[in-house]
Amino acid sequence: MNKKTSVAMFGLLCLLGLWLLVGCSKKEETNEAPASAPASTAAPAPAATPIDPSTVASVSGTVKFDGAAPKASKIDMSQDAACKGTNTAETVVVDGGDVANVFVYVKDGLGDRTFAVPTQAVTIDQQGCKYHPHVLGVMTGQNIEIKNDDQTTHNIHPTPQANREWNESQPPAAAPLEKSFAREEIMLPVKCNQHPWMRMYINVVKSPFYAVTGPDGKYEIKGLPPGDYTIAFVQEKLGEQDQKVTLAAKDSKTVDQTFKAQ
Amino acid sequence: MLKRGQPPSAVPPSKARQVVRLTGSKHLKSLATPYNRAHHRFAVFVACATFVLIIAGALVTSNDAGLSIPDWPTSFGSFSVPPLRGGIKFEWSHRAIAGSIVLLTISIAAWTWFADRRRWMKWLGIAALATVITQAILGGLTVLLFQPPWVSSAHAAVAQTFFCIAVAIAMFTGRRWVEEVPQIEFDNRRPSLITLTWLSIFVLYVQLILGAMFRHHGMSWWPHVANAAIVTFVLTWTAIRALSRFSKIEAVRRPAIILALLLVVQLCLGFAAFLTRIAWGRDAVQPEFPMVISTVSHVAVGALLLATAVILAIQVWRHIPVSFEEHATSRSRKPAAA
């Protein structure tokens, strides 16, 4: 190997080393508790701020779509004979102008209030090689029970930004997995790498004031203390839109939202 | 006797581009190893199997199946074959072929160590083994760390590095390399052809890393597309220089022609991959066949392009030494200095 070749090789190695170093330095530091830790083993939550039940208000409404609704994409499930479900994607579900699977939550206005974490777990079911529900709301630290009702193995793989990532397989008839997320995160994607069309979104919030629109586009958030709030409407593809609302004691206001065709 | 590295003062300037044939060189022959057909064929087989492995790896990425088996080195806690459904069939096939390549590499390294007389070939075999072990570790880290872009891109880059080493071993063990007396022609142009071939390898490697970073969601697509223009310029320059000035040397002419052809094919495949993945497939709910076939082909031809550039560089290094006439000191120009 002559001198020039040696210098070129050394330069290439330096470049690779630098690249690896830069890659390493970008790794996020996380100090959260393990995502798989059940709520019972987590640190005790602070006491919930009391809310006077005689003054609570509610907000409800309908999420609409303005314009021609996007055509639902077809899913090809032929790569796994055990997958036999509805073969349309749920990226944007619009029926008669009503938008389903929109996560609606109180984004701002609750101040430093704390809330008790429900002891009851929420369930994600894998059926027909799809996640049910497609969009889920859950409080930080609340247990999520993940079931597999399919005759095939799935893997559940959340790809969060603020929480810890994990990837576990679940064979048919396996015991449900129990998971929780420690930090707030909106539209946290969950996918199955064995069936790449399988995708859902978990929304992790600190308050119980959230809802997911049904097929009729409707939602309702109850039990809010009087105050000024920012209500956020988040759709996986259409993005987020916010509205401000002022709720007096025992108010019941309607806040509708319209997403426009992109 | 004229040898590689001999001061150019030994060559009259008027004959700088004259083709010189080295015949009857006892010194060169004593350095060589006898041609071993079985060894060479096995090396070719290893190189071909590595190419298949690169395609299998590209299929895993294009089908988004990289984490369909969540553990490593076991598959669902066992070394037995899992049900080959969904993404598992891509990931497990990739692992199975990769395991076979590790065994093949151990074999070729051992065979070369004991059968080849050339010391540098023995170490090239060891380098191949070290590379494939590094590659296996990177593959494991990709799974265990949930595909961080820099690890997955390193996995992609080292894969093609190993492919180039395997192709080089196949070439170095071939009859043409072992028995042929090199036909030598001096290069007095600047930048020299050997510089251009090194530059070609460098820009291809950068392009490989940029493409891998994009495929693994670590970077936007535009740096890869922008660098494609640089790659096209450098490779075209290299091929034209090789073919216009050294086409008499078959060992240089052939890889130069293949380099130019592969470049055209690769640009077409890159355009197809751009259309199917970025323009049309941006909102796809699952990997679609046109995207898979175009991106996998783009990766495969990219590997061939890099390997061809490496072969060209080696052949240029062997056949076309750089003339250092203008840099030689007055002392070294004296015949006695030679």
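Chain A is the first sequence line, chain B the second, and so forth, proteins listed ahead of strands; every chain is numbered from 1. Values below: every heavy atom of this structure, side chains too, minus hydrogens, waters and symmetry copies.
Of the listed residues (T153(A), I75(A), D76(A)), the greatest number of heavy-atom pairs within a distance under 4.5 Å of chain B belongs to D76(A).
Heavy atoms closer than 4.5 Å to chain B are found in the side chain of A82(A), but not in its backbone. Residue contact with chain A, scored on non-hydrogen atoms closer than 4.5 Å, involves the backbone of N63(B) exclusively. Of the atoms belonging to T91(A), it is side-chain heavy atoms, and not backbone ones, that fall under 4.5 Å from chain B. Heavy atoms of S169(A) lying under 4.5 Å from chain B belong to its backbone as well as its side chain.
A distance of 12.0 Å separates CD of Q286(B) from CZ of R199(A), quoted to the nearest 0.5 Å. Residue K191(A) holds its NZ atom at 11.0 Å from OG of S68(B), rounded to the nearest 0.5 Å. The line from CG of N167(A) to CG of L145(B) is 12.0 Å long, rounded to the nearest 0.5 Å. One finds the CG atom of D80(A) at 11.0 Å from the CG atom of L84(B) (value rounded to the nearest 0.5 Å). In this structure, CD1 on I88(B) lies 3.5 Å from CD on Q194(A), to the nearest 0.5 angstrom. Interatomic distance, NZ of K237(A) versus CG of D283(B), reported as 3.0 Å (0.5 Å rounding).
For D95(A), the CG atom sits in a loose shell: 12 or fewer heavy atoms of surrounding residues, nucleotides or ligands are nearer than 6.0 Å. Heavy-atom neighbours of K206(A) NZ from other residues, nucleotides or ligands within 6.0 Å: at or below the threshold of 12.
None of I69(B), V60(B), D64(B) except one satisfies the side-chain contact (heavy atoms from CB on, under 4.5 Å) rule with N193(A); the exception is D64(B).
Scanning both residues, R85(B) and Q151(A), for their nearest heavy atoms gives NH1-O, 3.1 Å. What you find for W166(A) and F146(B) is that their closest heavy atoms are CA-CZ, 3.7 Å.
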